[in-house]
Structure formats: C-alpha cells, structure tokens
Amino acid sequence: MKSKDVVWHKTAITRKDRNQLHGHRSLILWFTGLSGAGKSTLANALEARLHEESCATIVLDGDNVRHGLCGDLSFSADDRVENIRRIGEMAKLFIDAGIIAITAFISPFRSDRRRVRELVANDEFIEIYCRCSLETCENRDVKGIYKKARRGEIKDFTGISSPYEEPELAEIIVDTDKHNVEECVNHIVARLESFGTFHKTLPEGSAQQG
Ligand code: ADP
C-alpha cells in the first residue's frame with residue numbers, strides 16, 4: 001500500500017530531454033509467446049541490431065529477472081501476476097530513462113499484459129507476439145522443460161497445464177516457425193520504423209511527460 005505521505009518528486013531533466021539525447025523515442029517492446037517460441041532469441045537479436053544503430057536499449061529476460069527482483073516468486077497464478085506487475089513497473093522506469101526496454105516473458109494472460117500497457121502512454125507499449133505452434137516449441141524443447149512438464153514434474157506449465165492467451169491486438173506478430181531469426185528481426189525493425197520509433201525529432205503530440 002502506498003502511503004499518502006509519499007509525494008512524487010519532479011526531476012529537472014525530463015524524458016523528452018533524454019529522448020533527444022539518445023535520438024530516438026523510448027518504449028517497451030513486449031515479447032510474448034510460449035516457452036521456446038523465440039522471445040529471448042529475438043529480443044537479443046533485436047537488441048544487437050538496435051545497438052548497431054546507436055540506440056540505448058536493455059533486455060529484461062524472464063529467467064534473469066527470476067534470479068533477482070522476482071526471485072521470491074513462484075509460478076502460481078498470484079505470483080505470475082505480481083511477476084508481470086514488477087516487470088512492468090521496471091520497464092516503465094527504463095522508458096523514463098529514455099531507453100528502449102525489450103522484455104522477454106511468456107506473460108500468458110491478457111489481463112497482465114493489458115495492465116502493463118495501461119501503465120504507459122498509448123504508443124509506448126508495443127506487443128510483439130512470437131507465434132509458434134506448441135508442437136514446434138515442444139520439439140525445440142530448448143531447456144528440456146516440456147519433457148519435464150509432460151511427466152508432470154512442473155506444475156502450471158504454460159501450454160500444457162496452464163493456458164496461454166493469444167494476443168488479440170498485438171502491434172507486431174512474428175511467425176517464428178515459418179521465418180528465420182533474421183527475417184523476424186527485419187520485420188520487427190520495419191514495423192518500428194513505421195511507428196516513428198527512430199525519428200530524431202519526436203512527433204508533435206507524442207505523449208511525453210517529465
Ligand atoms: P523463449 O525465450 O521464447 O523461451 P528461446 O529464444 O529461448 O525461446 O528459444 C527459441 C529457440 O528457437 C532457439 O533455439 C532458436 O534458435 C530457435 N528458433 C528457430 N527459429 C527462430 C525464430 N525465427 N525466432 C526465434 N527463435 C528461433
């Protein structure tokens with residue numbers, strides 16, 4: 001619970017100043033999809049591409065966050081909600097810092113993704129759906145966890161014993177079982193360009209607060 005005595009402190013340097021320094025807008029690029037769908041792979045490949053273009057970026061990855069900030073959380077329904085809430089708040093801080101925050105979390109529930117979307121301005125949350133059949137993800141089984149889940153050794157496993165709710169309005173969709181990594185990154189960058197992400201001068205009326 002937030003105390004009523006906690007007052008927001010305005011900073012002298014605003015997000016607009018930081019965006020101008022970096023030469024691009026800051027936003028959240030939220031990858032969602034089944035385990036093994038390619039979120040981490042694409043988040044990292046995209047970051048490498050944006051880094052080459054001198055963009056300020058950070059990748060927030062599910063497994064890494066669960067080592068630290070969210071190390072106390074399980075995969076129960078309540079803890080998954082709290083996990084995404086904390087990540088959303090953290091990503092929002094990066095937006096304020098003028099950084100493109102790229103997140104790679106299964107984030108299976110629409111309500112959780114919507115809550116993060118609602119934390120920031122309309123055009124600052126870009127949902128990227130890594131669309132891939134369960135069959136392909138299971139065949140890839142990057143971390144051997146699908147086998148464990150099928151044996152019943154992992155509780156609440158998305159796609160097997162817990163649902164994955166497909167995005168209804170993702171800004172970007174990549175079919176990772178039909179296109180290779182480079183093609184998917186090209187598609188994402190082209191879509192971002194069309195949203196004006198890399199404009200040096202920020203579009204008039206774009207949501208900018210301190
Ligand atoms: P996630 O983060 O969604 O759990 P990973 O990125 O860890 O998934 O694993 C995805 C696997 O699929 C990797 O082994 C990657 O090389 C492979 N892969 C094949 N095609 C693609 C693609 N188009 N995009 C992303 N990953 C792909």
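Both ligands and their constituent atoms are indexed starting at 1 by order of listing. Note that the coordinates shown come from a computational prediction; the quantities given were computed from them, not determined experimentally.
- In terms of polar-atom proximity, A37 is counted as a contact of ligand 1, with an N or O under 3.5 Å from an N or O of the ligand.
- Residue contacts with ligand 1 do not include N44, since none of its heavy atoms lies under 4.0 Å from the ligand.
- Atom numbering of ligand 1 starts at 1 in the shown order; those under 4.0 Å from a heavy atom of L42 are 24 (N), 25 (C).
- Contact annotation: for L34 versus ligand 1, heavy atoms closer than 4.0 Å belong to the backbone alone.
- Using modelled atom types, no side-chain atom of N64 and backbone atom of D61 make a donor-acceptor pair closer than 3.5 Å.
- With hydrophobic clusters built from ILVMFWY side chains whose heavy atoms lie under 4.5 angstrom apart, L73 does not share a cluster with V65.
- The shortest separation from a heavy atom of S35 to ligand 1 is under 4.0 Å, placing the residue in contact.
- In this structure, R114 forms no cation-pi arrangement with F125, as its terminal cationic atom is not both closer than 6.0 Å to the ring centre and no more than 45° off the ring axis.
- The protein non-hydrogen atom at the shortest distance from atom 3 (O) of ligand 1 is K39 NZ, 2.7 Å.
- Ligand 1 places these atoms under 4.0 Å from at least one heavy atom of N180: 23 (N).
- Residue contact check: H179 has heavy atoms under 4.0 Å from atoms 22 (C), 23 (N) of ligand 1.
- The side chain of R140, and not its backbone, has at least one atom closer than 4.0 Å to an atom of ligand 1 (non-hydrogen atoms only; side chain from C-beta on).
- The 12-atom threshold is exceeded at CD of E153, counting heavy atoms of other residues, nucleotides or ligands nearer than 6.0 Å.
- Closest to atom 2 (O) of ligand 1 by heavy atom, among G38, G36, C130, S40, is S40.
- Between the side chains of S26 and N19, a donor-acceptor pair is found at a separation under 3.5 Å.
- Proximity of C184 to ligand 1 is established by a heavy-atom distance of less than 4.0 Å.
- Using a 4.0 Å cut-off to heavy atoms of K143, the atoms of ligand 1 that qualify are 4 (O).
- The distance between the ring centers of F157 and Y146 falls below 6.0 angstrom.
- When the options R15, R18, K16 are evaluated for a salt bridge (charged side-chain N to carboxylate O under 4.0 Å, His left out) with D96, the one that passes is R15.
- S76 places a side-chain N or O within 3.5 Å of a backbone atom of D79 that can act as its donor or acceptor partner.
- Nearest-residue assignment for atom 16 (O) of ligand 1 (options V185, T41, T176; heavy-atom criterion): T41.
- Of the listed options T32, V142, D61, V142 places a heavy atom closest to atom 9 (O) of ligand 1.
- Hydrophobic clustering (side-chain heavy atoms under 4.5 Å, transitive across Ile, Leu, Val, Met, Phe, Trp, Tyr) keeps I84 apart from F109.
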